Chemist: 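I am attaching a structure below and will ask some questions about it afterwards.
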Amino acid sequence: MEKQEISPQVQELVNEAMSEINRGCVEFIGAEYIQSLVTRFYTNGKTFIVKAGFDPTAPDLHLGHSVLLRKLATFQKYGGVIKFLIGDFTATIGDPSGKSQTRKALTFEEVEKNAETYKEQVFKILDPKNTDICFNKEWLGKLNSVDMLRLTSFYSVARMMERDDFTKRFKENSPISIVEFMYPLLQGYDSVALNCDIELGGNDQKFNLLVGRALQRSYECGKEQSVMTMPLLEGLDGVNKMSKSLNNYIGLTDNANDMYGKVLSIDDSLMWRYFELISSKSLKEIESMRRDVESGALHPKKAKEILALDIVSSLHDLNAAHAAQEHFNNVFSKKEIPNDIPTFHFELGEWICKALLESKLTPSTSQARRDIKAGALSINNEKILDENYKFSQKGEYIIKLGKRKFARIII
């Protein structure tokens, strides 16, 4: 793209935009191209194409996914038209990216069901006017055998083995199927089909994103997409990446009360990462708060409340966020029991672990045992450590598991 002559005012706007675009980024390949696209938008209003792919392997999105979604929303402010790509074709293959084994392939029926929920959730963050929901079955499903063979001719086995997880598995004599080599090529072909200018992904996706850049050269698209990788957000445990399977996640569809309470439960040191990656606060505001916390002018809990209000209001609304804050203060700060806890009925002699399971406070009786041993269970404000506890008297009991889970049990 030719160098553009721009005014100081436009240059200031471009610099501000690039600062927000760079925010939280792990690696940026082709930054000059992105800056030229933003400059062009400010000078003549021409938009550009930004892609991010999501394999619909589970029906719900969480705050870990919102790292990419919020970055996409940032691009929308500066001229980006978002291609939110649902990999309904590639999800039926399975991609191990960063994992030690092939991910389970899904059926088209499972993919389509999960994809419908994605479409509903992404507009909590993205502007629908500048977002196209795409399904790669539309073009990948039309490739014939000749097209597929041509696609494989553009990449060598040696290049594929540059991907870290493939190299590791090869050294460990773990099987790698040929279809797994196809996954990066198919993901790369998505960029060809969509004529992308920029592609975003987690930092575990760098190899696949670069394949798209290479294939655009091979197919003579007249451009090479810039690549931006974003970090994987740690979950509530502060160690592992946010994941439903690890039960350390905050879902985009969580109710406001649960979402607010979960944000307040993260470690103080982790909240700055959440601020940077998924809050609407500017970098200047975040840095100012950090300085105030370090100087003692602002208590860490107050800063975390600001974060929780920001996240809940962006995914629900401001009224819901303030109501969640009031609910949290009533339940936890004032040690009050919420009014809307669910009620369950059991027979005399019911085992506590089964009651916890059927009250939906825990996913299994084995998890209930672990929670009780860890001291997470209270019955009528009395801590219970006996995993074999049984209800020996009729009556009403208020069950509290951990900090936020309540149930009313009637025996």
Side-chain angles (χ1 to χ4, degrees), residues 25-27 29-30 48-62 64-76 80-99 103 105-106 108 110-112 114-119 121-123 125-126 130-143 151 163 165 179-216 219 221 224-233 241 252:
C25 175
V26 174
E27 193 166 359
I29 299 168
F48 50 90
I49 297 172
V50 185
K51 162 198 162 191
F54 292 76
D55 277 337
T57 51
D60 299 316
L61 299 173
H62 51 63
H65 298 111
S66 77
V67 173
L68 282 184
L69 292 174
R70 291 189 184 279
K71 186 61 66 179
L72 293 173
T74 297
F75 272 110
Q76 287 183 318
V81 173
I82 304 308
K83 300 292 184 180
F84 184 90
L85 177 63
I86 295 178
D88 56 342
F89 186 94
T90 44
T92 61
I93 296 175
D95 172 37
S97 293
K99 304 176 179 65
R103 187 173 61 199
L106 303 179
F108 276 118
E110 290 172 318
V111 168
E112 288 174 1
N114 292 343
E116 282 303 311
T117 67
Y118 276 31
K119 291 167 67 177
Q121 295 170 71
V122 297
F123 293 129
I125 297 173
L126 297 179
N130 292 312
T131 305
D132 294 329
I133 303 290
C134 308
F135 296 85
N136 62 9
K137 186 170 65 174
E138 293 178 16
W139 51 86
L140 294 180
K142 295 176 182 177
L143 296 179
L151 179 59
R163 199 167 105 169
D165 49 317
V179 75
E180 290 180 68
F181 282 174
M182 289 299 300
Y183 189 98
L185 293 173
L186 295 172
Q187 181 176 332
Y189 189 81
D190 291 340
S191 294
V192 173
L194 292 172
N195 197 32
C196 295
D197 291 296
I198 305 163
E199 183 172 10
L200 273 61
N203 57 357
D204 60 339
Q205 285 285 317
K206 178 183 174 181
F207 181 91
N208 291 7
L209 304 183
L210 290 176
V211 172
R213 185 175 165 91
L215 287 180
Q216 283 183 320
Y219 280 92
C221 294
E224 293 179 21
Q225 67 180 17
S226 294
V227 166
M228 177 181 286
T229 61
M230 297 299 295
L232 304 178
L233 185 68
K241 77 171 185 176
L252 297 191

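As the structure is a prediction and not an experimental result, all values here were calculated from the model.
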Chemist: For K71, what residues pass the salt bridge (Lys or Arg N to Asp or Glu O under 4.0 Å) criterion, not counting sequence neighbours?
Modeler: none

Chemist: Partners of E27 by side chain to side chain contact (heavy atoms under 4.5 Å, CB included), sequence neighbours excluded?
Modeler: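 With neighbours one apart ignored, the set is I29, K206, T229.
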
Chemist: Check whether any side-chain heavy atom of N136 sits under 4.5 Å from a side-chain heavy atom of D88, and report yes or no.
Modeler: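 In short, these two side chains touch, coming nearer than 4.5 Å.
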
Chemist: Kindly determine whether L69 and F54 satisfy side chain to side chain contact (heavy atoms under 4.5 Å, CB included), including the steps that lead there.
Modeler: CA-CA 10 Å; L69 292 174; F54 292 76; 4.1 Å; yes

Chemist: Are L252 and H65 packed together at the side-chain level, in the sense that at least one heavy-atom pair is separated by less than 4.5 angstrom?
Modeler: no

Chemist: Would you check if the side chain of D132 reaches a backbone N or O of F84 as a donor-acceptor pair within less than 3.5 Å?
Modeler: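 Pair absent, no side-chain N/O of D132 close to backbone of F84.
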
Chemist: How about L72 and V122: do any of their side-chain heavy atoms sit closer than 4.5 Å?
Modeler: no

Chemist: To the nearest 0.5 angstrom, please state how far the CG atom of L85 sits from the NZ atom of K51.
Modeler: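 So the gap between those two atoms works out to 6.0 Å.
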
Chemist: Measuring from F48:CZ to I82:CD1, what's the distance to the nearest 0.5 Å?
Modeler: 8.0 Å

Chemist: Identify the heavy atoms of F135 and K119 that sit nearest to each other, and give their distance.
Modeler: CZ-CD, 3.8 Å

Chemist: Any side-chain heavy atom of R70 sitting closer than 4.5 Å to one from M230?
Modeler: no

Chemist: Check for a donor-acceptor pair, side chain of Q205 on one end and backbone N or O of L200 on the other, with a separation under 3.5 Å.
Modeler: no

Chemist: Would you kindly say whether N130 and Q76 are connected by a side-chain donor-acceptor distance under 3.5 Å?
Modeler: no

Chemist: For a 4.5 angstrom cut-off between non-hydrogen side-chain atoms, does D204 reach L232?
Modeler: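 Touching, per the 4.5 Å side-chain cut-off.
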
Chemist: Measure the NE2-NZ distance between H62 and K241 for me, rounded to the nearest 0.5 Å.
Modeler: 7.5 Å

Chemist: As a quick check of understanding, evaluate side chain to side chain contact (heavy atoms under 4.5 Å, CB included) for V192 and Q216, giving each step before the final call.
Modeler: CA-CA 6 Å; V192 173; Q216 283 183 320; 4.2 Å; yes

Chemist: Any heavy-atom pair between the side chains of S191 and L215 that's under 4.5 Å?
Modeler: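 No. Closest side-chain heavy atoms not under 4.5 Å.
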
Chemist: What distance do W139 atom CH2 and C134 atom SG have between them, rounded to the nearest 0.5 Å?
Modeler: 5.0 Å

Chemist: Looking at CG of D190 and CD of E138, how far apart are the two atoms once the value is rounded to the nearest 0.5 Å?
Modeler: 10.5 Å

Chemist: Just verifying a value: how many Å separate Y183 OH and R163 CZ, rounded to the nearest 0.5 Å?
Modeler: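 One finds 8.5 Å between OH of Y183 and CZ of R163.
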
Chemist: With D197, which residues qualify under salt bridge (Lys or Arg N to Asp or Glu O under 4.0 Å), at least two apart?
Modeler: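 Partners of D197 by the salt bridge (Lys or Arg N to Asp or Glu O under 4.0 Å) criterion, ordered by chain and then number, come out as K223.
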
Chemist: Taking E199 as the fixed residue, which of I49, N208, L209, L210 is the one that meets the side chain to side chain contact (heavy atoms under 4.5 Å, CB included) rule?
Modeler: L209

Chemist: I need the minimum non-hydrogen distance between N195 and C221, along with the two atoms involved.
Modeler: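 The answer is OD1-O, 4.3 Å.
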
Chemist: Taking it one step at a time, do F75 and L126 satisfy side chain to side chain contact (heavy atoms under 4.5 Å, CB included)?
Modeler: CA-CA 10 Å; F75 272 110; L126 297 179; over 6 Å; no

Chemist: Measuring only between side-chain heavy atoms, which start at C-beta, is T117 closer than 4.5 Å to L61?
Modeler: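 A side-chain contact is absent here, since even the closest heavy-atom pair is not under 4.5 Å.
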
